[in-house]
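In what follows, a structure is listed as structure tokens, so that the remarks can point back to it.
For the numbers below, each heavy atom of this structure counts, side chains included, while hydrogens, waters and symmetry mates do not.
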Amino acid sequence: MPTSLRALPAVPAVLAGVLLLAACGSESASRGGDAGRARGDGGAVGVEAVCPSGFSQYGRLAASAEPSAGSRPSGAPTPLPLPSPDGTVESDVKVTGLYAWGDDSGCEADFSADLAVTNSGTKKATYTVTVGFFSASGSIVDHVEQTVASVGPGRTVKATVGMGASFGDAPEVSHVKVEKVRSVPADETPSASGPCPASGVHVYADEGDAAMGLRVVGLHLVNCGTRPYRLDGYPELELLDEDHDPVDGVRILHGTDRISTGIAGAGGPQPVVLRPGEAAEATLAWRNTTGFGDPVHAPYVRVAARPGARPVTVMPELDLGTTGKLGVGPWEKDETFRSGAGVTPRPTAAP
């Protein structure tokens with residue numbers, strides 16, 4: 001095996017897209033309301049059409065544009081036809097519009113898609129949506145992943161996701177597809193920064209590494225509270241399938257050395273005391289080898305940092321093959337973490 005691992009491909013390469021949300025039903029709408037949004041039916045598009053937030057919304061030409069005297073951004077995209085419903089609906093997410101933004105629109109997104117995210121469950125949930133923008137030949141132009149937070153049960157939230165400026169001779173986008181939808185309970189949403197949860201800790205998973213069937217993902221915990229946080233042992237894990245049901249038949253092994261040697265998480269547990277601003281990490285390791293039987297895929301893992309702790313649901317996309325094993329290392333203090341320095345980098349493993 002190679003001595004370093006490439007990035008785990010569970011999450012496609014993404015170009016940052018930012019959602020502008022407008023709630024339906026009794027939830028308050030964003031400025032301008034539905035009447036100010038671009039129509040997805042091929043009809044007229046008003047000058048108040050929504051450029052995705054973060055792409056120079058309203059009032060500034062894209063850097064590539066050369067405004068003439070007296071010209072101003074129109075704010076108006078060109079609506080593109082949607083493909084068949086089979087490609088625009090996935091789980092609780094539907095694409096309701098696809099738009100191309102010209103240089104004179106004042107929007108630095110090349111293309112944008114309007115989404116409707118409906119929570120058909122009984123609890124408030126946070127959604128992570130992966131959208132693919134495709135050319136007329138069917139080749140992928142870009143993937144965009146975005147999070148829609150705290151959608152109430154029975155509610156539909158409108159969102160706009162943008163694909164940034166293309167580089168080189170990238171083909172034109174002709175259609176869009178919802179590629180993957182993941183959702184977690186809003187009170188179990190992982191976080192790496194931002195407001196400190198009531199638990200006093202941020203818990204999240206990194207993107208992980210993979211090579212030749214071996215997968216390694218880091219679990220991270222940051223003490224964002226005001227008191228010391230004590231850990232002694234292994235995180236408690238519950239594996240869930242795409243329907244959020246428990247996955248049976250998988251042994252959770254203490255120590256990653258029972259999966260592979262030379263990776264983090266092989267030692268025994270030691271007491272860890274985190275002062276405010278300090279962090280700890282644990283390692284998940286597995287193989288996706290397949291043999292007899294049905295392969296196991298567990299997109300979600302509920303993580304309790306210690307007995308009695310409020311769980312957080314992360315999405316490492318466990319492709320366990322038919323091995324029936326997942327190794328987890330003990331919590332260890334993350335000596336490389338610096339408070340305020342950003343998310344801890346993904347682990348590097350040498351199988």
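- Taking the side chain as every heavy atom from C-beta outward, Y127 and V157 never approach each other to under 4.5 Å.
- Among pairs with a residue in residues 256-265, none fulfils salt bridge (charged side-chain N to carboxylate O under 4.0 Å, His left out), at least two apart in sequence or across chains.
- At distances below 3.5 Å, at least one donor-acceptor pair connects side-chain atoms of W331 with backbone N or O atoms of A305.
- The number of heavy-atom neighbours closer than 6.0 Å to NZ of K333, taken from other residues, nucleotides and ligands shown, is above 12.
- Taking H175 as the reference, F134 meet the ring pair (Phe, Tyr, Trp, His ring centres under 6.0 Å) condition, with sequence neighbours excluded.
- By the side-chain hydrogen bond (donor to acceptor under 3.5 Å, both in side chains) test, T256 is found to be paired with no residue, residues two or more places apart in sequence or in another chain being considered.
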Please walk me through it: do W101 and S112 pass side-chain hydrogen bond (donor to acceptor under 3.5 Å, both in side chains)? CA-CA 8 Å; W101 294 83; S112 68; 2.8 Å; yes
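- To the nearest 0.5 Å, the span separating NZ on K177 from OG1 on T130 amounts to 12.0 Å.
- Partners of S137 according to the side-chain hydrogen bond (donor to acceptor under 3.5 Å, both in side chains) rule, which considers only residues two or more places apart in sequence or in another chain, are S135, S139.
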L80/F111 under side-chain contact (heavy atoms from CB on, under 4.5 Å): CA gap, chis, key distance, verdict: CA-CA 10 Å; L80 302 177; F111 299 90; 4.1 Å; yes
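- Dense packing is recorded around CG of D245, with more than 12 heavy atoms of other residues, nucleotides or ligands lying under 6.0 Å away.
- Legend: residues meeting salt bridge (charged side-chain N to carboxylate O under 4.0 Å, His left out) with R275, ordered by chain and number and at least two apart, are E278.
- Note: N288 CG to T323 OG1 = 8.0 Å, rounded to the nearest 0.5 Å.
- Residue pairs meeting the disulfide bond (SG atoms under 2.5 Å apart) criterion with at least one partner in residues 175-270, sequence neighbours excluded, are C196-C224.
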Could you please spell out the steps behind the side-chain contact (heavy atoms from CB on, under 4.5 Å) verdict for T322 and T289? CA-CA 6 Å; T322 56; T289 309; 5.8 Å; no
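- Between T189 and V312, every side-chain heavy-atom pair lies at or beyond the 4.5 Å cut-off.
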D114 vs T160, test: side-chain hydrogen bond (donor to acceptor under 3.5 Å, both in side chains). Steps then yes/no. CA-CA 5 Å; D114 284 352; T160 299; 3.0 Å; yes
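- A donor-acceptor pair under 3.5 Å is formed between the side chain of D206 and the backbone N or O of G218.
- A distance of 8.0 Å separates CD1 in I259 from CZ in R287, rounded to the nearest 0.5 Å.
- T118 pairs by the side-chain hydrogen bond (donor to acceptor under 3.5 Å, both in side chains) definition with T156, not counting sequence neighbours.
- Taking T122 as the reference, nothing meets the side-chain hydrogen bond (donor to acceptor under 3.5 Å, both in side chains) condition, with sequence neighbours excluded.
- N119 CG to S183 OG: the interatomic distance, rounded to the nearest 0.5 Å, is 7.5 Å.
- Atoms CG and CD1, from L326 and I252 in turn, are 6.0 Å apart once rounded to the nearest 0.5 Å.
- Between D319 and R215, at least one side-chain N (NZ, or NE/NH1/NH2) sits under 4.0 Å from a carboxylate O, which counts as a salt bridge.
- Listed by chain and residue number, R182 satisfy the salt bridge (charged side-chain N to carboxylate O under 4.0 Å, His left out) test with E242 (two or more places apart in sequence, or in another chain).
- Considering only heavy atoms from C-beta on, T313 stays 4.5 Å or farther from V301 through its side chain.
- Side-chain contact between V222 and F337 is present, with heavy atoms from C-beta onward closer than 4.5 Å.
- A distance-only check finds no donor-acceptor pair linking the side chain of D92 to the backbone of V117 [under 3.5 Å].
- Side-chain atoms of T128 and E145, non-hydrogen and from C-beta on, do get closer than 4.5 Å to each other.
- The two atoms that bring P246 and E238 nearest to each other are CG-OE2, 3.8 Å, heavy atoms only.
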Show your working on side-chain contact (heavy atoms from CB on, under 4.5 Å) between H202 and H220 and close with a plain yes or no. CA-CA 8 Å; H202 291 296; H220 301 272; over 6 Å; no
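- Screening residues 232-280 for ring-ring contact (aromatic ring centres under 6.0 Å, His included), with sequence neighbours left out, gives Y234-H254, H244-Y300.
- Looking only at distances, no side-chain donor or acceptor of D142 sits under 3.5 Å from a matching main-chain atom of F133.
- Taking each heavy atom of T290 and G321 in turn, the nearest pair found is CG2-CA, 3.8 Å.
- Remark: E188 engages R302 in a salt bridge (charged side-chain N to carboxylate O under 4.0 Å, His left out) (not counting sequence neighbours).
- Closest heavy-atom contact between N223 and L274: ND2-O, 2.9 Å.
- Side-chain atoms of T126 never come within 3.5 Å of backbone atoms of A186 as a donor-acceptor pair (strictly under, hydrogens ignored).
- Contacts of E236 classified as salt bridge (charged side-chain N to carboxylate O under 4.0 Å, His left out), with partners at least two apart in sequence or in another chain: none.
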Just do the side-chain contact (heavy atoms from CB on, under 4.5 Å) check on H143 and E179 with the steps written out, would you? CA-CA 9 Å; H143 305 276; E179 297 185 303; 2.7 Å; yes
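- For the residue pair H297/D241, the side-chain donor-acceptor check at 3.5 Å is not satisfied.
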